[in-house]
2 protein chains.
Amino acid sequence: MSSVALRKQHIEKVKADIIEAAIEEFGEHGYYGARVQAIADRAGVPKANLLYHFGDKHSLYLNILQATLRRWNSALDTLSEHDDPKKALSGYVALKLQLVFEQPVATRLFAMEVLRGAPSIQGYLKMELKPWLRERVAVLHRWIELGKIQPIDPQVLIFMIWASTQHYAEYVSQIEALTETSPELDEITEALTCLVLNAVGLYGTK
Amino acid sequence: MSSVALRKQHIEKVKADIIEAAIEEFGEHGYYGARVQAIADRAGVPKANLLYHFGDKHSLYLNILQATLRRWNSALDTLSEHDDPKKALSGYVALKLQLVFEQPVATRLFAMEVLRGAPSIQGYLKMELKPWLRERVAVLHRWIELGKIQPIDPQVLIFMIWASTQHYAEYVSQIEALTETSPELDEITEALTCLVLNAVGLYGTK
DNA sequence: GTCTATAGAGTGATAGAC
DNA sequence: GTCTATCACTCTATAGAC
């Protein structure tokens with residue numbers, strides 16, 4: 001490998017380190033609470049280098065938001081009409097919970113962005129998540145028409161699944177204060193899947 | 001009324017105005033994003049007066065957090081063993097949703113505090129919410145033993161209700177980006193109540 | 001108690017040597 | 001590209017007149 005390529009690789013490594021550090025810092029303290037100096041320290045680079053590579057704090061923030069959404073989009077492409085409702089729903093719940101447990105800080109980062117009014121992810125919400133939601137709502141409606149699930153409100157169901165899964169990252173500090181033992185992914189997955197399947201009238205048809 | 005009493009009343013009015021303004025500002029921008037100057041402007045008082053009455057930014061923040069929790073505690077004292085499960089659960093969901101719709105900014109304020117790691121409400125969580133949760137979990141267990149509801153995980157159910165209701169304040173900006181019409185309290189209440197009752201196996205026993 | 005003016009600390013961003 | 005030193009600005013908090 002040439003010297004030029006090695007140098008290029010090194011820069012990419014540094015940038016990746018900065019992105020990871022930034023996700024942590026922004027995810028722990030929010031946009032305003034995050035300190036550029038703290039991100040640089042976490043990544044082990046001088047603050048000036050960070051700003052050299054990413055321009056400014058806000059550009060870095062946009063960068064890590066998009067990096068996070070890109071990771072999630074590749075994983076959540078599920079729930080189609082021809083699937084078995086029970087399999088599809090429990091699979092979706094399990095997958096979502098797995099992502100939440102694997103990336104709690106990124107989950108909280110996303111939550112903070114939405115709490116701020118989602119100013120930096122309007123494009124993602126309208127161009128990607130909105131079509132995704134419309135299609136899944138349509139699938140659920142089809143399942144209701146075919147009598148495969150009970151006549152519930154599909155959109156409220158999906159919001160319920162989103163909220164209930166993300167809760168285990170967003171409210172982890174509350175959960176830790178309320179319970180003695182940390183929640184286990186397997187237990188939550190089983191309990192929540194049961195609730196969701198009950199909710200659409202699929203109980204007992206294992 | 002004496003001149004002294006009038007003056008005292010005026011001060012209380014000013015303090016109340018500041019608290020309302022602070023809930024708005026902190027709820028919209030978070031602790032670090034909130035500006036003392038902006039709170040003073042909203043309340044219509046000079047910044048120095050605000051700091052004279054409340055000491056500093058952090059004391060003001062603690063004050064409004066407690067004011068918010070006090071309001072909620074008086075409303076959420078429900079769900080007892082001898083209630084009818086169906087009535088109790090649907091009543092609780094409806095009440096929680098009503099609070100969320102009435103006080104969306106305060107709901108987001110609370111969410112941000114928890115996302116920060118809940119440093120300022122440990123007392124509330126451990127001394128008030130924890131006992132409340134333990135008692136309700138016990139009630140739900142009793143109902144399960146008596147065969148009144150399906151054998152679900154009570155804690156996961158309560159977290160689901162919390163998350164699903166609060167979602168309509170916390171994720172309002174996402175919901176607005178995803179849907180054309182703003183969600184109506186009545187519709188959400190009916191749809192979510194249906195899901196929750198299904199989840200515990202009370203469907204169709206109206 | 002109320003207000004203006006300002007101090008003091010911390011932050012994002014940059015200049016310029018290497 | 002990397003780094004040190006520093007600027008310019010913002011924000012909290014206070015001093016002191018009224």
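Each chain gets a letter, A, B and so on, in the order the sequences are listed, and its residues count up from 1. Keep in mind the model is a prediction, meaning the values are calculated, not measured.
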For the pair made of [atom1] in [X] and [atom2] in [N], what is the distance, rounded to whole Å?
X	N	atom1	atom2	value
A/K47	C/dT14	NZ	C1'	10 Å
A/Y32	D/dC11	OH	C1'	13 Å
A/E12	D/dG1	CD	C1'	13 Å
B/K15	C/dT2	NZ	C1'	15 Å
A/F26	C/dT11	CZ	P	14 Å
A/D17	D/dT2	CG	P	12 Å
A/L60	C/dG12	CG	P	11 Å
B/Y31	D/dT12	OH	C1'	9 Å

What's the closest nucleotide to the [X] side chain, out of [options]?
X	options	value
A/A48	D/dA15, D/dG1, C/dA15	C/dA15
A/H53	C/dA13, D/dT14, D/dT2	D/dT2
B/I11	C/dG1, D/dA15, D/dC3	C/dG1

> OP1 or OP2 of D/dT12 sitting under 4.0 Å from any side-chain N/O of B/H58?
Replying inline: no

> Quick one: is C/dG1 close enough that its OP1 or OP2 comes under 4.0 Å of any side-chain N or O from B/H10?
Replying inline: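 Result: no.
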
>> Testing the basics here: between B/K57 and B/A34, what is the closest heavy-atom pair and its distance to 0.1 Å?
In response: NZ-O, 2.9 Å

>> Can you confirm if the aromatic rings of A/W162 and B/Y171 lie within a centre distance of less than 6.0 Å?
In response: no

> With a 4.0 Å cut-off on heavy atoms, is B/N49 in touch with a base, just the backbone sugar-phosphate, or nothing at all?
Replying inline: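 Base contact.
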
> Counting any heavy atom closer than 4.0 Å, what does B/A38 reach on the DNA or RNA strands: base, sugar-phosphate only, or nothing?
Replying inline: nothing

> Would you say the side-chain atoms of B/E113 pair up with the backbone N or O of B/S120, donor to acceptor, closer than 3.5 Å?
Replying inline: yes

> Quick one: do A/R42 and A/E25 make a salt bridge, cutoff under 4.0 Å?
Replying inline: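 Salt bridge flag = yes for A/E25 with A/R42.
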
> Can we say B/E20 and B/R71 salt-bridge, meaning some charged N sits less than 4.0 Å from an Asp/Glu carboxylate O?
Replying inline: yes

> Between A/F159 and B/L178, does a side-chain contact (heavy atoms from CB on, under 4.5 Å) hold up when you go through it step by step?
Replying inline: CA-CA 11 Å; A/F159 289 171; B/L178 294 179; 4.3 Å; yes

> When the C1' atoms of the five terminal pairs at each end define the local axes, what inter-axis angle does the helix from C/dG1-D/dC18 to C/dC18-D/dG1 show, to 10 degrees?
Replying inline: 10°

> Which residue, A/Y52 or A/R35, contacts DNA chain C at a nucleotide closer to its 5' end, judged by nearest heavy atom?
Replying inline: A/R35

> Could you give the distance from CZ (B/R116) to OH (B/Y32), rounded to the nearest 0.5 Å?
Replying inline: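 Output value for this atom pair is 5.5 Å.
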
